[in-house]
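One structure below.
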Amino acid sequence: TPRPFNQLPGDWRAGWLNLYRFWQEGGLHNLHHIMARKFQQFGPIYREKLGVYESVNIITPRDAAILFQAEGTLPERFSVPPWVAYRNYRNKPYGVLLKTGEAWRSDRLMLNKEALSPQVVEGFVPLLSQVGEDFIRRARAQAGKSGREYWTADFTHELFRFALESICHVLYGERLGLLQDFVDPEAQRFIDAVALMFHTTSPMLYLPPALLRHLNAKTWRDHVWAWDAIFSQADKCIHNVYRDLRLQRKSTTEYMGILCSLILQDKLPLDDIKASITEMMAGGVDTTSMTLQWAMFELARAPAVQEQLRAEVLAAKGMAANTPAPLHPVAVTLQRYITQEVILQDYCIPPKTLVQVGLYAMGRDPEVFPKPEQFIPQRWLGADPKHFKGLGFGFGPRQCLGRRIAELEMQIFLMQILENFKIETMRAVEVGTKFDLILIPDKPIYLTLRPL
Ligand code: HEM
Ligand code: 2DC
């Protein structure tokens with residue numbers, strides 16, 4: 001018979017003490033390292049309590065498969081408390097990110113049709129290619145300008161702009177012009193606000209929303225400022241599209257973007273459309289740009305892999321970037337509240353427990369990925385190598401809504417870069433990972449783009 005829940009290894013008795021210790025040992029930026037260490041200490045399953053939040057943590061693909069079988073038809077993940085607190089404080093509607101139950105499902109089904117379905121996704125290719133071409137043009141100009149015929153920089157901000165330009169082209173069917181020399185200060189403010197929103201989330205991650213609102217701490221005020229800026233900028237973009245549509249200023253011959261399709265279908269209330277479009281606009285900046293930065297860094301450090309991929313791209317096989325990276329997931333964990341009892345590692349886990357898949361820890365576990373620290377995209381080729389391993393975008397009906405947009409955006413970008421430039425870096429520099437709600441590089445990455 002399976003072992004009882006309260007025999008699970010781990011520190012789950014003193015939640016507030018644990019939170020204090022976590023904070024003291026720099027856990028704010030090291031959640032991923034602490035988790036990896038706990039799996040080493042306790043084995044493939046442990047129970048934990050931080051503040052008022054309890055969870056069971058797992059690391060093996062097999063256990064992940066069991067978890068996702070028990071997620072039910074209306075899956076729920078850990079809802080980030082400061083995000084909930086902000087919306088309640090400002091009386092803003094929830095989008096799919098934070099909705100639950102049937103309300104989540106009906107919105108999500110409508111949005112899936114516009115953002116994930118194969119028919120629609122095909123239409124994103126020209127939009128995303130255009131943005132990628134502008135990036136290439138800009139990179140060539142920058143290389144020319146330097147007088148050295150190459151472009152060396154920390155590409156963080158360039159990629160933020162590329163990512164916002166991309167997601168807005170898909171959402172609104174319009175270009176913002178962020179890959180020109182002059183950047184609209186309002187768009188730049190949006191980018192800065194999303195980064196600040198993520199950055200101020202992690203210190204408040206394990207405090208209950210009710211407490212957060214009564215806190216007048218700087219972190220909370222900055223967080224409110226950031227979301228205010230995100231919502232007001234998204235509101236402007238949405239309003240512009242709405243107005244152009246009413247005045248019939250939108251060309252109906254080409255694809256008009258996700259927002260227009262949703263408005264024209266008239267199946268979702270405008271407030272719900274707005275809430276989810278705002279989430280997609282904010283969710284489309286740091287995620288793809290950071291992943292691309294890591295991908296370029298790994299390609300720069302593995303010239304042989306880079307050459308092989310370039311050859312494939314030039315041979316128009318076009319599968320260059322289709323390599324879910326275990327090394328650099330954006331999300332440190334996936335989480336679900338299970339709806340039925342499950343057995344994990346021979347322990348009984350009761351319904352309603354929050355179970356987390358340690359995605360970062362799994363990606364660096366040699367049992368799951370031999371030589372995990374090495375960049376070997378070929379590891380994804382072959383017979384069913386992805387079974388509950390390629391989980392970077394989550395799983396099931398609650399998986400990432402932006403998945404197809406993100407995948408296409410990144411694949412197209414990497415193919416265009418490989419066709420046009422050699423990516424180089426100074427080998428000596430080791431770059432680690434920092435938890436800033438999403439996982440990002442812990443120091444600036446300097447890359448060189450050298451025209452081929
Ligand atoms: C949810 C990863 C890009 C919008 C998620 C989740 C993950 C994730 C792991 C949770 C899924 C789950 O619980 O199973 C990523 C990665 C990205 C990326 C790795 C890029 C490399 C984007 C983009 C958008 C976006 C471009 C904008 C459209 C969302 C939304 C949700 C979500 C709205 C919540 C969906 C729901 O709760 O129904 N993402 N994401 N993401 N993502 Fe992404
Ligand atoms: C953060 O312990 C660590 O894709 C927590 O595009 C558990 C947790 C819950 C939800 C995760 C979050 C972590 C990381 C960031 C994620 C989020 C769900 C969606 C979000 C993974 C792992 C993200 C970045 C979305 C953000 C959209 C938002 C800006 C509107």
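Worth saying up front: this structure is predicted, and the values here are computed from it rather than measured. Just so you know, ligand 1 is whichever comes first in the structure, and atom 1 is the first atom listed for that ligand.
Under 4.0 Å from ligand 1, heavy atoms of Arg398 appear from its side chain as well as its backbone. The proximity of Phe395 to ligand 1, defined as any non-hydrogen pair under 4.0 Å, is limited to the backbone. At a heavy-atom distance under 4.0 Å, only side-chain atoms of Leu334, from C-beta outward, approach ligand 1.
For atom 22 (C) of ligand 2, the nearest protein heavy atom lies under 4.0 Å away. In this structure, atom 8 (C) of ligand 2 has protein heavy atoms in its sub-4.0 angstrom surroundings.
Close approach to Leu205 involves these atoms of ligand 2, each under 4.0 Å from a residue heavy atom: 2 (O), 3 (C), 5 (C). Applying the 4.0 Å criterion to heavy atoms of Ala331 picks out, from ligand 2, the atoms 21 (C). Every atom of ligand 1 is numbered from 1 in the order shown, and the set under 4.0 Å from a heavy atom of Val330 is 19 (C). Which parts of ligand 2 touch Thr287 is read off a 4.0 Å heavy-atom cut-off, strictly below it: atoms 6 (O), 24 (C). Listed by number with element, the atoms of ligand 2 under 4.0 Å from a non-hydrogen atom of Leu437 are 1 (C), 14 (C). Atoms of ligand 1 found under 4.0 Å from any heavy atom of Gly394, numbered from 1 in the order shown, are 9 (C), 11 (C), 12 (C), 14 (O). If you number the atoms of ligand 2 from 1 as listed, the ones under 4.0 Å from a heavy atom of Leu97 come out as 19 (C), 28 (C), 30 (C).
Ring geometry for Tyr46 versus Phe42: interplanar angle of 30 to 60°, hence tilted. Below 30°, between 30° and 60°, or above 60°: for Phe162 and Phe135 the angle between ring planes is above 60°, a perpendicular geometry. Relative ring orientation between Trp227 and Phe231 is described as tilted, the plane-to-plane angle lying within the 30° to 60° band. Phe68 and Phe388 have parallel rings, their planes meeting at less than 30° on a 0 to 90° scale where 60° marks the start of perpendicular. Using cut-offs of 30° and 60° for the angle between ring planes, the His328 and Trp294 rings count as parallel.
Summary of contacts: the protein heavy atom closest to atom 4 (C) of ligand 1 is Gly402 N, 3.9 Å. Looking only at protein heavy atoms, the nearest one to atom 26 (C) of ligand 1 is Gly284 CA, 3.6 Å. In this structure, atom 34 (C) of ligand 1 lies nearest to the protein heavy atom Leu97 CD1, 3.6 Å. Regarding atom 27 (C) of ligand 2, its nearest protein heavy-atom neighbour is Gly283 CA, 3.7 Å. At the top of the distance list for atom 35 (C) of ligand 1, counting protein heavy atoms only, stands Arg108 NH1, 3.3 Å. Nearest protein heavy-atom contact of atom 21 (C) of ligand 1 is Thr291 OG1, 3.3 Å. Regarding atom 17 (C) of ligand 1, its nearest protein heavy-atom neighbour is Phe393 CE2, 3.3 Å. Of all protein heavy atoms, the one lying nearest to atom 19 (C) of ligand 1 is Gly392 O, 3.5 Å. For atom 15 (C) of ligand 2, the nearest protein heavy atom (residue, atom name, distance) is Ile438 CG2, 3.9 Å. Nearest protein neighbour of atom 3 (C) of ligand 1, counting heavy atoms only, is Thr287 OG1, 3.4 Å.
Between Lys99 and Asp107 there is a salt bridge, with a side-chain nitrogen of the basic residue lying less than 4.0 Å from a carboxylate oxygen of the acidic one. Salt bridge absent: Glu76 and Arg336 never bring a charged side-chain N and a carboxylate O closer than 4.0 Å. A salt bridge does not link Arg310 with Glu419: every distance from a Lys NZ or Arg NE/NH1/NH2 to an Asp or Glu carboxylate oxygen is 4.0 Å or more. Comment: Glu407 engages Arg404 in a salt bridge, judged by a side-chain N to carboxylate O separation of less than 4.0 angstrom. Using a 4.0 Å cut-off between charged side-chain N and carboxylate O, Arg175 and Asp134 make a salt bridge.
Nearest to atom 5 (C) of ligand 1 by heavy atom, out of Cys400, Ser289, Ala406, is Cys400. The closest heavy-atom contact to atom 12 (C) of ligand 1, among the options Arg336, Arg403, Lys99, Gln335, comes from Arg336. When the heavy atoms of Trp83, Phe78, Phe393 are ranked by distance to atom 17 (C) of ligand 2, first place goes to Trp83. Taking each of Ala331, Ala282, Gly283, Ala115 in turn, the one with a heavy atom nearest to atom 23 (C) of ligand 1 proves to be Gly283. Between the choices Glu409, Met280, Gln399, Glu71, the shortest heavy-atom distance to atom 27 (C) of ligand 1 belongs to Met280. The residue from Arg398, Arg77, Gln356 that puts a heavy atom closest to atom 18 (C) of ligand 2 is Arg77. Across the listed options Met35, Met290, Gln335, Met197, Met197 owns the non-hydrogen atom lying nearest to atom 29 (C) of ligand 2.
Looking only at side-chain heavy atoms (C-beta outward), Asp192 and Gln188 come within less than 4.5 Å of each other.
Side chain of Glu279 to main chain of Val96: a donor-acceptor pair is present (N/O by atom type, distance under 3.5 Å, no hydrogens or angles). Using modelled atom types, no side-chain atom of Arg105 and backbone atom of Gly101 make a donor-acceptor pair closer than 3.5 Å.
No side-chain N or O of Gln356 forms a donor-acceptor pair with one of Glu48 less than 3.5 Å apart. Side-chain polar atoms of Gln293 and Thr156 form a donor-acceptor pair below 3.5 angstrom.
More than 12 heavy atoms of other residues, nucleotides or ligands lie within 6.0 Å of CD in Gln24, so this atom counts as buried by the packing criterion.
The N/O atoms of Tyr206, backbone and side chain alike, include one that comes under 3.5 Å of an N/O atom in ligand 2.
Figure legend: Arg301 and Phe375 shown without cation-pi pairing, the cationic atom not lying both under 6.0 angstrom from the six-membered ring centre and within 45 degrees of its axis.
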